[in-house]
Every structure is written in C-alpha cells, then in structure tokens.
Amino acid sequence: CLGERLMGFSELVSALSHPDREAMTSATTTVTSLPNVSSCRDRRHLWKVDVIETPDMESLKVSRALAHASALQLTADFTRAVDASAIAKEQARAIGAPVQLAQAQALRGSLLAAQDRPDAARKELESAYLTALRVGADEVAAQAAQSLVFVVGHEQSNHSEGLLWGRIAEVTSHRLAKGTVHHMSGLLSNLARVHSERGEYALARDMYRQALAEDIELYGSAHPELTV
C-alpha cells in the first residue's frame, strides 16, 4: 500500500518537474489529489485492498506504468496519459494480471471521458467493471461504476441507465473501508449532476451537500481542493 503511494508521488514529482502553465496553476490541488496515505494504516482497508498476487518485476513494471499515467492525468496531460494507460493495459494483459488490467481499463476509461470520447470511455469502463468483478477487486469495480454514472448518465444523457450504474456503484462502494470514502463522495457528486439534469434539483442539492460532508470528514475543511 505504502509502496504504491510512494510510486504515485514519485511519478507526480517527475511529471511536475517540467510542467506547462496549466499544471503549475493547479499544482497545489494536484498534489493534494494523491490517494490518502492514512488508509494504509487502516486494517479494514488493507484487508479489502486489491492485492497483486505476484509482485515480481513484471507486475512492478505495470504498477509503474499505471502510476505514470495517473500522474499525467493529475497534471491534465490527457493525451500522453491515454497513451501511457494503453501501455499499462497491454503490459497487464501480457503477464496475465487481471487486477492491474482492470486498473488500467478504469484509468483509461476516465481519461477518454476527460477527452470527451464517451463511447470509447464507456467501453473501457464496462470492461474494467467486469474484469474487476470477476477477480473480486472491489475498489476498481467501484471506481469504474462511479465513472459510468458520469459517462452514461451525463455525457451520453442516458439518465436512467446512469442512475442504475449509480445503484451498482453504491453497493460496491459500501463494501469498501472508511479510507476509501472518496468513492462515495465522487459517486454522490456524479448522481447529483444526473438528478439536476433531470430537473430534480432538491435531490441534487441534498446529494451535493452530502458529498461535501463526506469530503470534509475525510480531508478536513481546510483541504485546498475544498477551499477552491
């Protein structure tokens, strides 16, 4: 757990060593978007963590590729991040690592969504959810389902199906430990957006407030991303 956090931090530092203007402007919130280290001290989280069964050199190479793609995502370098996620995906497939394959698919799906490519994003995210479900990788499945609420419900304007993915994401997220509460916050925000587009403004407002409360509970009210 701590090794993955350190790898992600290292890759982000590398990505920020030659940033463009946009990355520099958002550098503070970018760094604070890294996964919370405190979850690595939570036994419930460690019990549920999606374990890589064979942490050999090949799987570490995939982990590094995933961390590199995630760092590029955090610096809004989506074009390079999409390419990096494709490399991680093929590496995971080549060594037969289903958890890492699901992680790469979920990451690639979110990146394609950021590029306004909802059809391609949906395909990757659905593959990520099914791959994760088959191997019991709950955290990856929750991430994929949460992203599908946004892609299907908002970007494709399929509100009913987006809300269905929300129910699926909620069931999966509730199986996760407290250290992964950010899944519920992001899910609530995505659901609120869909409900708002359906004209259900009171429900959307309540969900946004609940999402904010979840973030404050996890990060504290002074967290840079919340103050922004």
Side-chain angles (χ1 to χ4, degrees), residues 1-18 30-31 33-37 39-115 117 120-148 172 175-177 179-180 182-183:
C1 182
L2 287 172
E4 287 185 358
R5 300 295 190 266
L6 179 59
M7 190 179 294
F9 180 72
S10 174
E11 287 294 332
L12 182 57
V13 170
S14 177
L16 288 173
S17 62
H18 302 288
T30 295
V31 173
S33 296
L34 286 166
N36 199 322
V37 177
S39 61
C40 292
R41 298 193 297 268
D42 188 331
R43 290 185 179 182
R44 295 168 300 172
H45 171 71
L46 294 175
W47 180 258
K48 281 288 188 180
V49 71
D50 302 328
V51 177
I52 309 300
E53 293 184 358
T54 55
D56 53 20
M57 291 302 296
E58 291 302 315
S59 63
L60 288 174
K61 184 187 294 185
V62 180
S63 295
R64 177 68 69 181
L66 285 166
H68 180 57
S70 295
L72 292 172
Q73 179 187 38
L74 288 174
T75 58
D77 191 347
F78 297 119
T79 299
R80 291 176 62 204
V82 167
D83 292 340
S85 68
I87 292 172
K89 175 181 169 182
E90 292 311 310
Q91 288 176 341
R93 195 190 303 278
I95 66 172
V99 174
Q100 291 179 310
L101 174 59
Q103 290 171 337
Q105 290 169 327
L107 176 58
R108 185 169 172 78
S110 66
L111 289 166
L112 291 168
Q115 289 187 318
R117 298 165 61 185
R122 178 174 182 170
K123 182 179 179 180
E124 286 285 359
L125 290 167
E126 288 178 345
S127 295
Y129 178 80
L130 293 174
T131 302
L133 197 64
R134 280 195 295 269
V135 295
D138 287 346
E139 189 165 357
V140 183
Q143 290 173 339
Q146 173 186 307
S147 296
L148 281 162
T172 309
R175 295 205 297 262
L176 301 174
T180 52
H182 64 275
H183 285 306

Quiz prompt | Member of E90, Q91, K89 meeting the side chain to side chain contact (heavy atoms under 4.5 Å, CB included) criterion with L101 | solution = K89

Practice problem: Taking all heavy atoms of A84 and all of H68, pick out the closest pair and write down the distance. | Solution: CB-CD2, 3.9 Å

Quiz item: What's the spacing between D138 CG and L133 CG if we round to 0.5 Å?
Solution: 8.0 Å

Quiz item: Any idea which heavy atoms bring A121 and A113 closest together, and the distance?
Solution: CB-N, 3.6 Å

Quiz item: Minimum heavy-atom separation for A106 to L125, with atom names?
Solution: O-CD2, 3.6 Å

Quiz item: Taking atom OG of S110 and atom CD of Q143, what is their separation to the nearest 0.5 Å?
Solution: 8.5 Å

Quiz prompt | R117: side-chain hydrogen bond (donor to acceptor under 3.5 Å, both in side chains) partners, not counting sequence neighbours | solution = Q115

Self-check item: Spacing of CG belonging to L112 relative to OG belonging to S147, to within rounding of 0.5 Å
Solution: 11.0 Å

Quiz prompt | Salt-bridge present (D77, R80; N to O < 4.0 Å) | solution = yes

Self-check item: Any donor-acceptor pair under 3.5 Å from R108 side chain to V82 backbone
Solution: yes

Practice problem: Heavy atoms only: give me the nearest L72-A81 pair and the separation to one decimal. | Solution: CB-CB, 3.7 Å

Exercise. Report yes if the side chains of R122 and L148 come closer than 4.5 Å at any heavy-atom pair, otherwise no.
Key: yes

Self-check item: Atom pair CD1/CG of I87 and L66 - distance to nearest 0.5 Å
Solution: 11.0 Å

Practice problem: For Q100 and S59, test the side chains for any donor-to-acceptor distance below 3.5 angstrom and give the result as yes or no. | Solution: no

Practice problem: Report yes if the side chains of R134 and T131 come closer than 4.5 Å at any heavy-atom pair, otherwise no. | Solution: yes

Practice problem: Taking the side chain as every heavy atom from C-beta outward, state whether V62 and E58 have any pair of such atoms under 4.5 Å apart. | Solution: no

Quiz item: Quick one: NZ on K61 to CD1 on I95, what's the gap to the nearest 0.5 Å?
Solution: 9.0 Å

Quiz item: What is the minimum heavy-atom distance between A88 and A104, and which atoms define it?
Solution: C-CB, 4.0 Å

Quiz item: If every non-hydrogen atom of Y129 is compared with every non-hydrogen atom of A141, which pair is closest and at what distance?
Solution: CD1-O, 3.4 Å

